[in-house]
Number of protein chains: 2
Amino acid sequence: MDRRTEILEAAAKSFALFGYKATTMDQVAKIANVGKGTIYTFFANKEELFNAIVVGMIEEMRTKAEAAAIVGGTFEENAHARLMSILKFRTTHQLYAKLIDEGKEIRTPAVQEVLADIETQIVKFIAEKIQKGIDRGEVKSCNVEMVAYLLFKSYMALVVDWGKTHGQELDETEIIDLLSNTIFKSLII
Amino acid sequence: MDRRTEILEAAAKSFALFGYKATTMDQVAKIANVGKGTIYTFFANKEELFNAIVVGMIEEMRTKAEAAAIVGGTFEENAHARLMSILKFRTTHQLYAKLIDEGKEIRTPAVQEVLADIETQIVKFIAEKIQKGIDRGEVKSCNVEMVAYLLFKSYMALVVDWGKTHGQELDETEIIDLLSNTIFKSLII
DNA sequence: AAATGACTATAATTCAATTACGGTCATTTG
DNA sequence: CAAATGACCGTAATTGAATTATAGTCATTT
């Protein structure tokens with residue numbers, strides 16, 4: 001394995017375990033079995049190293065979300081499957097979960113920027129799928145950007161936020177029932 | 001004006017101006033022209049004084065939201081008017097705006113609890129209106145709690161959150177257009 | 001009986017000393 | 001000699017002791 005990859009893997013491990021702030025460049029160098037200076041021949045600074053790892057994570061999330069769709073499934077089925085996959089990734093993927101926590105609790109600016117960027121990319125991803133649905137004649141013409149945003153925020157609200165104030169999580173069937181009867185119903189041709 | 005009221009007004013002024021944490025009981029006593037000990041004959045502690053003021057604020061918000069409805073208006077028109085009224089109150093009302101800021105920036109626990117409680121009460125308020133809509137035959141039978149939550153979160157997303165990531169706020173007509181064509185369309189008989 | 005403010009115990013804040021860290025660069029290594 | 005390295009530097013973060021501020025009490029006053 002080349003040095004660059006070793007550094008990336010070491011950093012990914014450390015960021016996932018300790019978060020952005022608590023990961024030191026000395027530590028990354030040690031885990032990667034590399035002099036600290038070597039890191040700086042591949043990455044301009046700590047934040048760029050971090051961003052490189054996040055790019056990989058987003059790629060992974062996108063792949064998982066794509067894979068969640070069923071061939072021959074309706075727009076609604078696939079949209080639901082993809083969104084649930086993305087939201088599950090938030091808690092499943094150690095680095096992502098750590099970043100969410102760090103963004104809220106410590107509020108490291110670099111982490112908050114990254115999280116905002118991830119959200120933007122997710123919404124853009126959803127928007128692409130909606131546009132495809134429109135092109136295929138499955139979905140009504142609409143303000144794609146806004147509908148994507150509304151869908152994402154609705155899923156976040158029901159999957160992530162509800163449990164925090166209501167003591168227990170909503171069941172996935174309750175969520176799909178509600179959204180199927182509200183947003184999806186008016187969205188699908 | 002009786003002492004209790006004077007204390008309440010002084011405290012309301014101070015909380016709105018400086019927030020919960022930065023308001024001292026000495027300061028409230030001074031503004032109210034009252035000995036500090038007197039405050040404790042009416043309120044068990046700082047938090048109870050705070051809660052008493054928040055109760056008043058919620059009452060005011062509720063009154064404003066009720067007044068926003070048009071007599072003879074449809075469910076959709078009135079739901080929209082009420083929700084916009086509530087969300088405008090967030091930024092208009094000095095105390096509320098201060099608390100939102102303090103909840104996010106300083107994260108005073110007493111303030112965060114109060115904010116969570118206000119949200120719960122808003123959702124409950126919306127749920128009542130939906131239930132009335134169902135009883136009147138204007139709204140389809142549905143999971144009232146969940147629809148109320150979804151509506152509130154949708155409005156929050158479009159009115160409050162959108163601007164933060166997209167550079168500029170959405171126009172109110174864009175918001176009502178979108179929601180009219182999605183959630184409301186499937187909700188109304 | 002109601003009001004008060006000096007008083008107390010505790011929590012928050014300061015600030016100087018110390019430590020930790022990101023990033024550099026002269027030296028070493030293969 | 002190009003790539004790798006880690007001692008080194010300036011700055012940022014942390015610590016802890018000293019100080020100050022504050023919520024809440026209660027003996028005294030009105």
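Since the structure is predicted, the reported quantities are computational estimates derived from the model, not experimental observations. Here is how names work: the chains are called A, B, and so on, in the same order as the sequence lines, proteins then strands, and each is numbered from 1.
Taking atom CE of M25(B) as the reference point, atom C1' of dT10(C) lies 16 Å away to the nearest angstrom. Atom CD1 in I106(A) sits roughly 16 Å away from atom C1' in dA12(D) (whole-Å rounding). Going from atom CD of E48(B) over to atom C1' of dA23(D) covers 14 Å, rounded to whole Å. Atom pair I7(B):CD1 and dT4(C):C1' shows a separation of 12 Å (rounding to whole Å applied). Atom pair F50(B):CZ and dT22(D):C1' shows a separation of 17 Å (rounding to whole Å applied). Rounded to a whole Å, the NZ atom of K36(A) is 7 Å from the P atom of dG22(C). Separating the CD atom of Q27(B) from the C1' atom of dA23(D) is a distance of 14 Å, rounded to the nearest angstrom. Straight-line distance from the CZ atom of F43(A) to the P atom of dA4(D): 13 Å, rounded to whole Å.
Here the shortest heavy-atom pairing between F89(A) and E60(A) reads CE1-OE2, 4.0 Å.
Between dT14(D) and K21(A), a contact under 4.0 Å exists linking OP1 or OP2 to a side-chain N or O. Neither OP1 nor OP2 of dA2(C) sits under 4.0 Å from any side-chain N or O of R3(B). An OP1 or OP2 oxygen of dG22(C) is reached within less than 4.0 angstrom by a side-chain nitrogen or oxygen of K46(A). Here T24(B) does not reach the OP1 or OP2 of dT22(D): none of its side-chain N or O atoms lies under 4.0 Å away.
Each of I39(A) and D26(A) was matched to the nucleotide of DNA chain D holding its nearest heavy atom; the match closer to the 5' end belongs to I39(A).
Linking ILVMFWY side-chain heavy atoms closer than 4.5 Å, directly or via other members, places V160(B) and I100(B) in a single hydrophobic cluster.
Closest to the side chain of Y40(A), from the set dT24(C), dG5(C), dT5(D), is dT24(C). Relative to the side chain of F42(A), the nucleotides dG24(D), dG23(C), dA4(D) differ in distance, and dA4(D) lies closest.
Not one N or O on the side chain of T38(B) forms a donor-acceptor pair closer than 3.5 Å with the backbone of V34(B).
Ring planes of F50(A) and Y20(A): tilted class, angle from 30 to 60°.
Nucleotide dA21(D) has dT10(C) as its partner under the Watson-Crick or G-U criteria, with both atom distances under 3.5 Å.
Under the 3.5 Å distance criterion, with hydrogens and angles disregarded, no donor-acceptor pair is assigned to the side chains of D26(B) and T24(B).
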